[in-house]
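The structure under discussion appears below in the form of structure tokens.
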Amino acid sequence: MFYELYLGSWLSINKFGLGFIIGSVWDPVKGIFGALPLILGTLFTSAIAILISFPISLGIALALSEYMPKQLSNLFFFFVELLAAIPSVIYGLWGIYVLIPFLREVIYPFIQSNFGFIPLFSGPIYGGGFLTTSILLAIMLIPIMSTIMREIFILVPSALKEAAISLGATKWEVISVMISYARLGIIGAIMLGLGRAIGEAMAVSMVIGNKFQLFPSSLFDAWYTMAAILANEFIEAINPLHISALINVGLLLLVINLIVSIIAKIIVRYHLRIIGGIMRE
Amino acid sequence: MIMSAYKIEVENLNAWYDYKHVLIDINMKIKERTVTAIMGPSGCGKTTLIRCLNRMHELVPKAKVSGKVIFNNLNIYDNNVDPTWIRRKIGMVFQKPNPFPMMSIYDNVAFGPKIHGIKKRSILDKIVKQSLEMAGLWEEVKDDLQKPASALSGGQQQRLCIARALALEPEVILMDEPTSHLDPISATKIEMLIRKLAENYTVVIVTHNMQQAARISDYVAFLYMGRLVEYGPTKEVFERPKNELTERYITGKIS
Ligand SMILES: Nc1ncnc2c1ncn2[C@@H]1O[C@H](COP(=O)(O)OP(=O)(O)O)[C@@H](O)[C@H]1O
Ligand SMILES: [Mg+2]
């Protein structure tokens with residue numbers, strides 16, 4: 001697949017070289033293509049999505065594994081798994097018809113009236129855009145990340161919890177021991193979520209506003225991502241250089257995702273090795 | 001208030017797992033600075049009994065307890081007693097060594113003092129050193145304090161767990177078959193350590209091994225199907241058991 005993408009990108013790579021990564025003009029008419037704004041848009045929307053979804057997922061995972069009675073937890077778990085199986089177009093539609101109006105009418109005006117003096121929170125509110133995309137991505141990630149983290153917490157040996165409890169640890173101290181035991185697994189879950197966020201095309205293209213610019217003027221402004229531009233422009237592109245540039249974006253996307261998943265794998269493996277030393281039967 | 005000569009007095013203790021009644025009317029008084037061994041066939045309730053002594057039993061879902069466990073004149077099951085405080089005063093060592101694998105040797109020992117508010121490095125250093133010395137592990141690990149606990153051998157890990165419990169300066173130490181997962185040499189080290197600990201602490205140890213009970217304990221309790229069948233000075237119980245069941249257990253007719 002790598003090779004095919006590379007072949008497909010050949011025109012673009014040949015013409016722009018590394019300039020493709022640092023260029024910030026995307027003009028199919030003049031045949032100038034630079035993907036930097038897309039790369040930035042992808043990384044920033046995904047990072048903020050993780051920032052939002054991580055603490056929530058962690059809380060849900062802990063509640064499911066530690067606080068809830070088993071049956072209730074399993075029921076909830078089943079429900080959360082169902083959420084994880086919803087196709088992203090549905091999330092996109094939900095984003096357009098429910099999330100965007102809600103954010104536009106209620107949340108964003110509230111934020112702006114209180115923090116509007118900060119440039120990040122100033123500027124016109126369209127409803128869709130950078131922050132909205134991150135929020136929607138976060139909502140999509142929460143089911144996946146919380147189910148993975150629940151599994152990770154369930155795998156924490158009870159001997160470890162009992163050790164902490166026998167030393168007079170409170171519930172919260174026990175949880176912090178569990179988190180520190182599972183920390184690399186948790187990072188693995190985050191990386192997995194990050195991979196999903198980076199690769200998400202459909203839902204993002206429906207709410208981000210698809211505006212090609214290096215940086216948005218505020219959190220409420222529109223932006224663009226690599227996956228979203230592929231979803232939007234691929235079908236209509238006819239110019240070979242344009243097509244090649246899009247394939248080149250696909251190649252970059254693959255590379256970034258590969259890096260993320262390799263890091264995740266290394267972390268998880270390293271984690272298992274440390275812990276394997278002791279708790280094995 | 002008159003302080004009793006006993007460190008722990010168990011009065012009419014009953015324990016259940018859901019509807020399963022596993023300890024029945026246990027009464028026993030444990031003297032300060034002695035080693036009390038709890039013996040009995042497997043499944044008779046030994047582990048449950050010592051877990052009732054530091055309020056660990058209630059962690060099992062649907063587990064119940066009734067009766068009293070009086071520790072320094074305080075019933076640990078009184079409503080206003082904080083179980084974390086009890087567990088700090090009554091430490092526990094488990095059957096299977098369970099150090100925190102992701103922490104260094106140092107952090108394992110310092111964990112207890114840290115969560116109970118000791119932050120100063122110099123004080124922690126001192127506690128870690130003393131506890132490891134007391135557990136007979138200091139000489140072996142003093143140059144590797146930052147190594148992960150998982151790097152130690154099984155016997156060392158168990159002594160680390162003992163040091164970790166000692167770091168809280170408990171008054172009582174409960175041990176649940178602490179040598180059953182260890183090789184004989186490590187087991188002997190721990191037996192010697194238990195004798196030494198009795199100079200300063202009250203030790204209650206569950207053991208499956210009668211020779212071990214005879215070697216290290218001052219008092220022996222024999223538990224059979226959830227009941228305390230016999231309890232007395234070790235020598236007496238082994239030489240002149242009062243109960244027929246005890247005799248049969250000691251002579252190996254039941255196990
Ligand atoms: N978590 C538990 N849930 C239900 N029953 C248990 C549990 N732990 C122990 N038991 C039962 O309680 C009885 C006493 O167990 P235990 O105290 O572990 O015995 P011992 O330590 O003497 O081998 C056994 O019949 C055992 O099956
Ligand atoms: Mg047992």
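Since we're looking at a predicted model, the values are computed, not measured. Just so it is clear: chains get the letters A, B, ... in the order the sequence lines come, proteins before strands, and each one is counted from 1.
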Discussion item. Can you tell me which portion of Arg164(B) sits under 4.5 Å from chain A's heavy atoms? Options are side chain, backbone, both or neither.
Written reply: both

Worksheet entry | Contact class of Met92(B) relative to chain A, heavy atoms under 4.5 angstrom | both

Practice prompt. Answer yes or no: is there a donor N or O on one side and an acceptor on the other, between the side chain of Gln156(B) and the main chain of Ser153(B), under 3.5 Å?
Written response: yes

Worksheet item: Going through the checks in order, is the side chain to side chain contact (heavy atoms under 4.5 Å, CB included) test met by Leu5(A) and Leu254(A)?
Response: CA-CA 9 Å; Leu5(A) 283 177; Leu254(A) 189 70; 3.7 Å; yes

Practice prompt. Return the orientation label for the Phe130(A) and Trp223(A) ring planes: parallel under 30°, perpendicular over 60°, tilted otherwise.
Written response: perpendicular

Fill in: Heavy-atom contact with chain A under 4.5 Å, split by part of Leu59(B)
side chain

Discussion item. Please rank His116(B), Met103(B), Lys89(B) by heavy-atom pairs under 4.5 Å with chain A and give me the top one.
Written reply: His116(B)

Item to complete: Have a look at Leu141(A) and tell me which of Ile190(A), Ile50(A), Leu194(A) forms a side chain to side chain contact (heavy atoms under 4.5 Å, CB included) with it.
Response: Ile50(A)

